[in-house]
Amino acid sequence: MLHWIQYIRGYVSIKVWGYSTERFLNLCGNHDILVWDIENHGDYYTMKVSIEGFFALKSLLRKTGTRVSVLHRYGLPFFVPKIKKRKIFVAGLIVCLIFWMLTTRFIWDIEIDGNYSLTEDVLLDYLKGQGVHTTMKKSNLLIEELERNLREEYDIITWASLKVDGTTLIIQIRENEMTEYDTSVGNEQGSAKPSDNISAGKDIVATKDGTIVYMITRKGVPQVAVGDTVEKGQLLVSGAVPVYNDDLTIRRYQYYEADADIMITYDKSISVEKKIAYEDKVYSGNEKKILLLGIKDKEWNLSLGRIKYEAYDVFGEKKQVQLLEHLFLPAYYGTKYAKEYTLVEKNHTEEEMQEIMDGEWNKILQTLEEKGVEITGKNVTIKKNKDKWILNAGMQLVEEAVKKVNNTIEQIPVTESEEAAEISNE
């Protein structure tokens, strides 16, 4: 507090030397002239004194035969006159303060923590749909309502907390580690309840041409068996279960969502071609520096002259302007470099081509593995010629190549006599 009072009133750093500097210091104390930060340099002393105290030293200097010189000046009395001469600087400072005050009223960054199953993009899209985004006003942010909406929208979120730190909206969530399954459509044993509504029924059909190698039906009526050859779109399990009369005629249907494990084997051929010749970039070492400035979605490149290179790549990075830890401004800056290159035609060596074809084959295997496809047989050959290498793969695959579709079997109309019989039985 004392330091600020001294700064407002103003003070100077002085050098004192002469006949009797010790007596000078004693007289300062006797005349209530405050001096501080006194340092003895042998032949002279340095110290600090207020502006009023400095002008009161004149008589003490005569009595002691000492001399004084000002080393530095501090405080508002010395700063304000300098500022008055720099009107443009003062105007810029005021504009910056106003800009800073206005920008702190908005959200410029959103941080999400604690999400594992839900990706950040999914949550940001949901927030945008709720009107929460960067550049929005803090006053429009309804914290409690947004916390409640997050928990209601995503069952996996068990706890959500939102807070604003500077210009950053920090969202912390906690996800349920146990996945909840909807059992409302099943009974205690987990089997689906029958329905008289055709829209509730689901059939299982094939998505590929092939042969059935494995089949276990849990719900529904199987239409094929192991060893049967099927075509794409063919009905495999019907969700319409018939209810028979005493004479074994179909009285009506009960509709289920068909459930079965079905594996289909089929043949697949894949061919990949890779050229031996390729174009390689050779950088000349020439580059042009470009300064980058941007505000929101607008960007400006600042450079002297245009880029004269016929072919070039641009490398660089940009940073958002940050005043405090969580105080970001909607502006960014950076540096880019345009690096010249020329395209030179080259040929892969045989070792490089072998490595490329191995990489392509590994990509094929990885793709099939990610889809849950099992390879039961394969025949891979690589054909080499003057211009390119060709990989031909003939494979026998097994996968659950099925999907569920809406049931199409119409319900059998009930006659008046059958309806009367059902009522009497009840």
Side-chain angles (χ1 to χ4, degrees), residues 1-14 34-37 46-56 69-112 124 127-128 130-143 146 162-171 289-305 316-337:
M1 187 66 181
L2 178 61
H3 173 75
W4 286 106
I5 295 175
Q6 292 170 344
Y7 183 83
I8 294 172
R9 296 178 62 183
Y11 61 95
V12 294
S13 175
I14 60 175
L34 177 63
V35 293
W36 66 94
D37 291 346
T46 58
M47 62 197 73
K48 294 175 182 176
V49 63
S50 65
I51 297 176
E52 295 177 359
F54 177 77
F55 287 110
S69 64
V70 177
L71 300 178
H72 298 287
R73 298 174 175 86
Y74 306 94
L76 287 180
F78 303 107
F79 180 73
V80 172
K82 295 180 181 179
I83 290 296
K84 289 182 178 179
K85 297 178 182 179
R86 295 175 173 83
K87 296 181 180 179
I88 296 179
F89 172 77
V90 175
L93 181 62
I94 294 174
V95 170
C96 288
L97 290 174
I98 295 174
F99 179 75
W100 179 77
M101 293 174 63
L102 291 176
T103 54
T104 54
R105 299 170 57 192
F106 296 85
I107 296 294
W108 297 112
D109 188 28
I110 299 177
E111 292 183 2
I112 302 176
L124 289 177
L127 292 173
K128 190 174 182 180
Q130 296 290 314
V132 179
H133 53 83
T134 56
T135 72
M136 71 171 296
K137 285 186 177 182
K138 293 181 184 178
S139 57
N140 295 336
L141 189 62
L142 304 177
I143 299 291
L146 189 57
L162 282 74
K163 68 176 181 178
V164 177
D165 189 349
T167 60
T168 302
L169 173 62
I170 300 176
I171 301 175
K289 185 177 180 180
I290 305 171
L291 297 179
L292 172 66
L293 296 176
I295 298 178
K296 290 188 177 180
D297 297 331
K298 294 184 178 180
E299 185 175 300
W300 296 274
N301 295 325
L302 307 179
S303 63
L304 298 176
E317 61 180 4
K318 58 184 179 182
K319 297 181 179 179
Q320 190 173 359
V321 179
Q322 181 179 5
L323 298 181
L324 300 174
E325 182 179 1
H326 294 294
L327 181 58
F328 293 88
L329 298 182
Y332 54 89
Y333 63 94
T335 304
K336 298 192 298 186
Y337 294 91

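Keep in mind the model is a prediction, meaning the values are calculated, not measured. Excluded from the calculations below are hydrogen atoms, water molecules and symmetry mates; all remaining heavy atoms, backbone and side chain alike, are included.
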Would you compute the distance between atom [atom1] of [X] and atom [atom2] of [Y] and round it to the nearest 0.5 angstrom?
X: Leu142; Y: Asn140; atom1: CG; atom2: CG; answer: 8.0 Å
X: Ser50; Y: Arg9; atom1: OG; atom2: CZ; answer: 6.0 Å
X: Leu162; Y: Leu146; atom1: CG; atom2: CG; answer: 5.0 Å
X: Arg73; Y: Tyr11; atom1: CZ; atom2: OH; answer: 14.0 Å
X: Ile107; Y: Asp109; atom1: CD1; atom2: CG; answer: 9.0 Å
X: Glu317; Y: Leu292; atom1: CD; atom2: CG; answer: 10.5 Å

Is it true that Glu299 and Lys318 make a salt bridge, defined as a side-chain N closer than 4.0 Å to a carboxylate O?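 The answer is yes: the pair qualifies as a salt bridge.
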message = Holding to ring-ring contact (aromatic ring centres under 6.0 Å, His included), I want the full list of residues that pass it with Tyr337, two or more places apart in sequence or in another chain.
response =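 For Tyr337, no residue satisfies ring-ring contact (aromatic ring centres under 6.0 Å, His included) once neighbours in sequence are set aside.
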For the residue pair [X] and [Y], establish whether any side-chain heavy-atom pair is separated by less than 4.5 Å.
X: Leu141; Y: Leu169; answer: yes
X: Ile170; Y: Val164; answer: no
X: Lys48; Y: Ile14; answer: no
X: Thr335; Y: Ile290; answer: no
X: Ile110; Y: Leu124; answer: yes
X: Ile295; Y: Trp300; answer: yes
X: Val70; Y: Phe54; answer: yes
X: Val49; Y: Val12; answer: yes

Please walk me through it: do Met47 and Asp37 pass side-chain contact (heavy atoms from CB on, under 4.5 Å)?
-> CA-CA 5 Å; Met47 62 197 73; Asp37 291 346; over 6 Å; no
If every non-hydrogen atom of Leu127 is compared with every non-hydrogen atom of Ile171, which pair is closest and at what distance?
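So the two residues come closest at CD1-CD1, 3.4 Å.
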If I compare all heavy atoms of Pro77 with all of Ile8, which pair ends up nearest, and what's the gap?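 Distance-wise, the nearest heavy atoms are CD-O, 3.5 Å.
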Over 12 foreign heavy atoms within 6.0 Å of CD, Gln130: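 Yes, enclosed.
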**Asked** Near Lys138 NZ, under 6.0 Å, is it more than 12 heavy atoms from other residues, nucleotides or ligands?
**Response**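 Yes, because the 6.0 Å sphere around NZ of Lys138 holds more than 12 heavy atoms from other groups.
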